[in-house]
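What follows is a set of notes on a single structure, which appears directly below.
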Amino acid sequence: MAATSSTPLLKDELDIVIPTIRNLDFLEMWRPFFQPYHLIIVQDGDPAKVIKVPEGFDYELYNRNDINRILGPKASCISFKDSACRCFGYMVSKKKYIYTIDDDCFVAKDPSGKDINALEQHIKNLLSPSTPFFFNTLYDPYRDGADFVRGYPFSLREGAPTAVSHGLWLNIPDYDAPTQLVKPRERNNRYVDAVLTIPKGTLFPMCGMNLAFDRELIGPAMYFGLMGDGQPIGRYDDMWAGWCTKVITDHLSLGIKTGLPYIWHSKASNPFVNLKKEYNGIFWQEELIPFFQSVALPKEATTVQKCYLELAKQVKAKLGKVDGYFLKLADAMVTWIEAWDELNPPKGALTTTKAPAPKSK
Ligand SMILES: O=c1ccn([C@@H]2O[C@H](COP(=O)(O)OP(=O)(O)O[C@H]3O[C@@H](CO)[C@H](O)[C@H]3O)[C@@H](O)[C@H]2O)c(=O)[nH]1
Ligand SMILES: [Mn+2]
């Protein structure tokens, strides 16, 4: 069911982050929904390339030169030539909420033929609680026309604050390269009208294509890792962020929802290129998943940053044997937190950091 008009716009509390190597004509289709919002465009690849942004959008644009200027040596933690660069946008934003979307994602239609305002549904998901501690079989109990079912403990009906809203995709599904190679013509035409909380203790494959989160609740955990140029892995940026985020939201009693809203994913990237990028990830994840399933964070880890630094320590101690890459990644996780805290000092803290001067329109 589409979000009701009672859902607040949050236009001054939410930034839209778009990683891109292309012109942003796709925004024309989103104009009715996105125009009120501020966009943070993270231009990947050649900084000399001029990215055209349609008239009438309020945006700031950062290319690699900007990232290097703003972060200095800490820019080493931001990937190059991979959509992982989008996390720089999360760091420079000053808003409470983030919505990130790929530039080949368009407005989808619901079964009634109505355009789906994906942003409105994500806001609805984020503003209502999650139910990670006990599964509600009638899906999201907080949506109109649903509720907790018989046997659901009343002591748990307040739910938990929602940190992440994970949307899905019609048309081109987010398959890995082997699946794409085996099923090149498969399209996702199934519109499932549901929003589910991912139960505590369960990991999930987070896709960065259509994703919203509460930056104040979980922002520092949304590091998309070292991917792309010069790295032995790609297309595991969002997966890494999702696994780190999930163990931290479980520890901090926060919730993650998946399901509505859908976007229309229009472009299948090259499966052979994807296979090269994903190969190590497909292999390594058989060891990464047991690692994340066994992560225990100490009770003293009461903030996302503390959880994340503890996680980086465990990555360094336990995953270095999988591949030396994880030693580098563990260091980059620490650099990410240092950069995050430098650009986002606690409220009231005296700072000497220069505000990032973006290349706005
Ligand atoms: O080097 C690059 C390549 C792409 N981008 C931008 O990132 C997104 C996603 O790119 P694209 O749609 O071409 O790739 P997909 O395979 O469909 O993306 C899926 O894989 C994930 C990659 O980890 C991604 O999050 C998934 O959606 C577009 O906006 C490109 O412009 C880039 O910045 N740098
Ligand atoms: Mn795509």
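In this chain, numbering begins with 1 at the start of the sequence shown. Order of listing sets the numbers, starting from 1, for every ligand and every atom in it.
With sequence neighbours excluded, no residue forms a salt bridge (Lys or Arg N to Asp or Glu O under 4.0 Å) with Lys328.
Using cut-offs of 30° and 60° on the angle between ring planes, the pair Phe148 and Tyr142 is perpendicular. Taking the six-membered ring for Trp and thresholds of 30 and 60 degrees, Trp240 and Trp243 have ring planes more than 60 degrees apart, a perpendicular arrangement.
Nearest N, O or S atom of Asp104 to the Mn ion (ligand 2): atom OD2.
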Query raised in the report: What's the verdict on salt bridge (Lys or Arg N to Asp or Glu O under 4.0 Å) for Lys96 and Asp214, showing C-alpha distance, side-chain angles and the deciding distance?
Result: CA-CA 6 Å; Lys96 177 168 174 54; Asp214 184 322; 2.8 Å; yes
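If you check the side chains of Asn188 and His265, you find no donor sitting under 3.5 Å from an acceptor.
Residue His265: an N/O/S atom is found under 2.8 Å from the Mn ion (ligand 2).
At a heavy-atom cutoff of 4.0 Å, ligand 1 is surrounded by Pro19, Thr20, Ile21, Arg22, Asp44, Lys81, Asp82, Ser83, Cys85, Arg86, Asp102, Asp103, Asp104, Met209, Arg235, Asp237, Asp238, His265, Lys267, Ser269.
Using a distance-only test at 3.5 Å, with no hydrogens or angles considered, a donor-acceptor pair links the side chain of Ser93 to the main chain of Lys95. Judged by distance alone, with hydrogens and angles left aside, the side-chain atoms of Ser294 form a donor-acceptor pair with the main-chain N or O of Pro290 at under 3.5 Å.
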